[in-house]
Amino acid sequence: MINFEEMGFTPGILKAIQELGFESPMPVQEKVIPLMLGGEVDIIALAQTGTGKTAAFGLPLVQATDTEINNTQALILCPTRELCMQITGDLTDYARFTGKLKILAVYGGASIDNQIRGLKKGVHIIVATPGRLIDLIGRGAARLSAVTTVILDEADEMLNMGFLDSINEILEEVPDGRRTLLFSATMSKEIASIARKYMNSPVEVTIGTKNSSADNVSHAYYLIHAKDKYKVLKRIADFEPDIYGIVFCRTRNETQEVASKLIDDGYNADALHGDLSQMQRDAVMQKFRVRNLQLLVATDVAARGLDVDDLTHVINYSLPDDNEVYTHRSGRTGRAGKTGISISLVHLRERHILQQIERMVKKPFKALPIPTGTEICGKQLYNWVTKLENVVTDHQEIEKFLPDIKEKLAGLDREELLKRVVSLEFDRFLDDYRHGEDLISPVAERDGRDGGGGRSGRRDGRERDGRDREYNGNYKRLFINLGKSDGFYPEQLIELVNSNTKGPKVPIGKIDLLKTFSFFEVEASFADGLIAALSDTTFMDRRVAVEIAQEKTDKPRQGGDYTSKKPAKWSDRKPEKRNQGRSESRGKDYKKESRFGRKDKKKYSR
Ligand code: AMP
C-alpha cells in the first residue's frame, strides 16, 4: 500500500495530513490522488460519502493551486450548503501550511451581497451549490474564465435535487481545456450522460461495487404489520440502548409525527424536515452532531446537509420512493472505517420493493425477529448493570451523606435493595413490556410459528431467498397480470418461471387462469424471490406484474406436489379443454374473495 509520503505531496501538505491524524490513505485516496497529481486526466469516482473523498480531491487540488495568481482556478459544485461549508473547512485545513489560499463557499439561503463582496476580493477556489452559482454568474460576480479544475461532488445528489440544468449551464461557462472530476455514490444514466457531454475520456474509479453500498454496512429488516410500525421502532430503540441513528421518513408530516411521539414517550429524539426554519434545522443538526440527540427523525431532503461519521443505525421507517435513495441513506452509517446497520421496517406488501433494493445493493438483507418485551428488559438491565459496574464513585460529596443513607436503608437486604433500584430505573420498560403483547411479524403469524413468543422472521439463519430451505408445504397465492387472452397457459407460466429463476425448481401449486389475469400458488419460501425475479420481465411484449394475492388463501396446504419442472396436473390437459368452464367459474369465486378482485382486475386488464 502506498503511503502519503510516497504520493508526491509537498512538505506543507504532508504536515497538514499529519496534523489531521490521517495515518494512511483511504482506498479512494489511494486511487484518486496519484491520478490527480500525475496528470491532466478526467476522473469519475464512484464512492459514498464517508469514504474520504474530500481529501482525495482536496489535497491534490490545494497543492496544485497557485496562490500567487489572484483568480479562480477551481470550482467545486456540491448539493447543499452544509456540504459547501464542510468542503471549505476541509480544504482550509489542508492548506494550513501552504500559501495564502482563498476559498469561498457560496450557497443559497444566505446573503448574496456578502458572497458578491467575497468574490470581488478574488478567490482561488469556489465551493458552490449550483443554483446560487448561476445567480452569481448572472450578476457578473463569479468569473470562471480561468478555471482549470471542476469538481462535481455528490453528483447524483445534485441531480436528485433537480440541478441538472444548472450544472449544464455552469459547465458551458468554464473553459473547455479544464480538467473535470465527478464524484458520485451511484452511476445512473444521467451521470453517464453528463460524463459523455462534459468529460474527456474519464478514468473510472470504483470504491466498492458500482451502485452497491459500503462494505461495512449490513442490511436488515423487520417484517411487520403496518399498524405496529411505531411500536417496532420503539422496540428497536429500546433494544439498542446506545443507538445513535437517523430514522428516515417519507414526508414532513410523518417525520414530525414520529418525532413527536418519540419525544412524548421519553426518547432522546427530534425532527429534521423542511417545515423548520434554517435556524431550527441548524440547531437540531448541531444537537445531533454533538450527540445530545440519539435519534434524528428526518426526511431525505432535510438530512442531506448532515454529515456525521459514527452513526450506529440508519432506520428506514418508510422505504424510499426511489431505490437509489436507499444507498444514500444506508451510506450514512458504516463510515470512516466503522461498522453500521441499515434497518428497514417493511410490511407484507412492500417486500417486493425491498427485494428490488436488495438486488441493487447486492448484499443479502437479514430478516430480524422483533425483540420481545423480555428480551428488551433483559438487554436494558444488562446494559445498566454494566454501567453500574463501571461507574466512578470518587465524589467526595457523596461520602458525607452515606451514613444517613445507610441508616435509612438499614432494613433492606441486598436483594431487596437491588430490586428497588432496578424498579426505579426500569419503570418505563417494565410497565411497557410487562403486560404488553409481543409483536408478531405477519409471516410468523401465518406460518403458525412462535406461538406467543413474539419472535418473527427466520431464526434458522438461512438466506432469505429460500433456495436452501426445506419446503414445508405452505403455499402462497400470487396474482399475475397475464391471462388466457394473452396466450398465457400453465406451460407458459412454468416456462416464464423457469427461465427467470436459477437454482432449484420453484414448486408451483394450483394454477387458475382467467381471461386477462391469473392466480397461481407457489411454495411460500419462493414467493418473494419469484416476485422480484419476474418483476422486470415481459411476456409477448407485455410487462409482467406479479404480486401476493389475498391472504385468505395463503393457508398452509399440504403438498408441494407440483414443481415448475413437473407441470401442474391441470396443465396436462389438452389446450382446447383448458378453457372449458373451470377457470371462469373459479374466477368468480376469487373475485369475491380477492382484494385484487374489482380494483386490481381493472388495473391490470387491458
Ligand atoms: P469524507 O468522505 O470526505 O466526508 O471523509 C470522511 C471522514 O474520513 C472525514 O471525517 C475525514 O476527516 C476522514 N478521513 C479522510 N481521509 C482520512 C484518512 N486518510 N485517514 C483517516 N481519516 C480520514
Side-chain angles (χ1 to χ4, degrees), residues 13 16 28-29 32-33 35-37 40 42-67 71-95 98 101-108 110 115 118-119 122-137 141-159 161 163-164 166-175 178-185 191 194-195 198-199 202 205 304-305 307:
I13 299 278
V28 68
Q29 295 160 2
V32 170
I33 293 173
L35 285 171
M36 270 194 88
L37 291 178
E40 290 301 305
D42 283 2
I43 303 166
I44 297 179
L46 298 176
Q48 304 267 336
T49 46
T51 51
K53 61 188 170 57
T54 316
F57 66 75
L59 291 166
L61 182 67
V62 167
Q63 173 152 313
T65 308
D66 187 346
T67 52
N71 56 18
T72 303
Q73 298 157 50
L75 168 66
I76 301 171
L77 289 178
C78 64
T80 62
R81 97 185 193 132
E82 286 79 9
L83 192 54
C84 270
M85 295 194 308
Q86 194 199 318
I87 294 171
T88 308
D90 287 354
L91 263 54
T92 309
D93 287 343
Y94 307 153
T98 48
L101 187 66
K102 289 184 275 181
I103 311 165
L104 185 70
V106 295
Y107 43 78
Q115 293 173 358
L119 287 169
V123 289
H124 300 117
I125 300 174
I126 298 177
V127 187
T129 53
R132 176 53 61 98
L133 186 63
I134 293 277
D135 268 6
L136 290 164
I137 294 172
R143 296 213 175 84
L144 306 179
S145 56
V147 165
T148 52
T149 307
V150 173
I151 293 168
L152 305 171
D153 193 17
E154 301 204 356
D156 47 353
E157 274 293 306
M158 289 197 277
L159 297 185
M161 291 171 77
F163 283 137
L164 179 62
S166 304
I167 292 173
N168 279 324
E169 215 174 305
I170 292 165
L171 291 179
E172 296 290 343
E173 288 290 318
V174 270
R178 67 170 185 267
R179 151 186 266 192
T180 309
L181 276 80
L182 184 153
F183 287 80
S184 176
I191 300 276
I194 291 190
Y198 296 108
M199 297 179 81
V205 163
R304 270 176 186 144
D307 195 64

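Two residues are said to be in side-chain contact when any heavy atoms from C-beta on lie closer than 4.5 Å; Leu182 and Pro202 fail this criterion. Residues Phe183 and Val32 have side chains in contact (heavy-atom distance under 4.5 Å, counting atoms from C-beta outward). Under the 4.5 Å side-chain criterion, counting only non-hydrogen atoms from C-beta, Ser166 is not in contact with Leu133. A 4.5 Å side-chain heavy-atom check between Ile76 and Leu61 finds at least one atom pair inside the cut-off. With contacts defined as side-chain heavy-atom distances shorter than 4.5 Å, the pair Leu46/Ile191 does not qualify.
Residues passing the side-chain hydrogen bond (donor to acceptor under 3.5 Å, both in side chains) test with Thr180 are Arg178, sequence neighbours excluded. With sequence neighbours excluded, the residues that form a salt bridge (charged side-chain N to carboxylate O under 4.0 Å, His left out) with Glu157 are Arg304. Partners of Asp66 under the side-chain hydrogen bond (donor to acceptor under 3.5 Å, both in side chains) rule, at least two apart in sequence or in another chain, do not exist in this structure. For Tyr107, there are no ring pair (Phe, Tyr, Trp, His ring centres under 6.0 Å) partners at least two apart in sequence or on another chain. Remark: Ala55 engages Phe22, Gln29, Leu59, Tyr94 in a side-chain contact (heavy atoms from CB on, under 4.5 Å) (not counting sequence neighbours). Every residue meeting the salt bridge (charged side-chain N to carboxylate O under 4.0 Å, His left out) condition with Arg81, not counting sequence neighbours, appears here in chain and number order: Asp282. Not counting sequence neighbours, the partners of Ala195 by the side-chain contact (heavy atoms from CB on, under 4.5 Å) test are Ile44, Met199. Remark: Leu104 pairs with Val106, Leu119, Val123 by the side-chain contact (heavy atoms from CB on, under 4.5 Å) rule, at least two apart or across chains. Scanning for side-chain hydrogen bond (donor to acceptor under 3.5 Å, both in side chains) contacts around Ser184 gives Asp156, with sequence neighbours left out. Residues passing the salt bridge (charged side-chain N to carboxylate O under 4.0 Å, His left out) test with Asp153 are Lys53, sequence neighbours excluded.
Counting all heavy atoms, side chain and backbone alike, Val28 lies closest to Ala47 at CG2-CB, 4.1 Å. Minimum heavy-atom separation, Ala146 to Asn71: CB-ND2, 3.5 Å. The shortest non-hydrogen separation linking Ala142 to Ile126 is CB-CD1, 4.4 Å. Scanning both residues, Ala16 and Asp93, for their nearest heavy atoms gives CB-O, 3.7 Å. The two atoms that bring Met158 and Pro130 nearest to each other are SD-CG, 3.7 Å, heavy atoms only.
Rounded to the nearest 0.5 Å, atoms CZ (Phe57) and CG (Leu91) are 6.5 Å apart. Rounded to the nearest 0.5 angstrom, Gln115 CD and Leu136 CG are separated by 6.0 Å. Going from atom OH of Tyr198 over to atom CD1 of Ile167 covers 9.5 Å, rounded to the nearest 0.5 Å. To the nearest 0.5 Å, atom CD1 of residue Ile103 and atom OG1 of residue Thr65 are 8.0 Å apart. Here the straight-line distance linking atom CG of Leu181 with atom CD1 of Ile43 works out to 4.5 Å at 0.5 Å rounding. Taking CG of Leu101 as the reference point, atom OG1 of Thr67 lies at 7.0 Å (rounded to 0.5 Å).
Within the structure, salt bridge (Lys or Arg N to Asp or Glu O under 4.0 Å) contacts touching residues 124-134 (residues at least two apart or in different chains) do not occur. Sorted by first then second residue, the side-chain hydrogen bond (donor to acceptor under 3.5 Å, both in side chains) pairs that include residues 141-150, not counting sequence neighbours, number zero.
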*I would like to know whether Leu83 and Val127 meet side-chain contact (heavy atoms from CB on, under 4.5 Å); could you show each step before the answer?*
CA-CA 9 Å; Leu83 192 54; Val127 187; over 6 Å; no
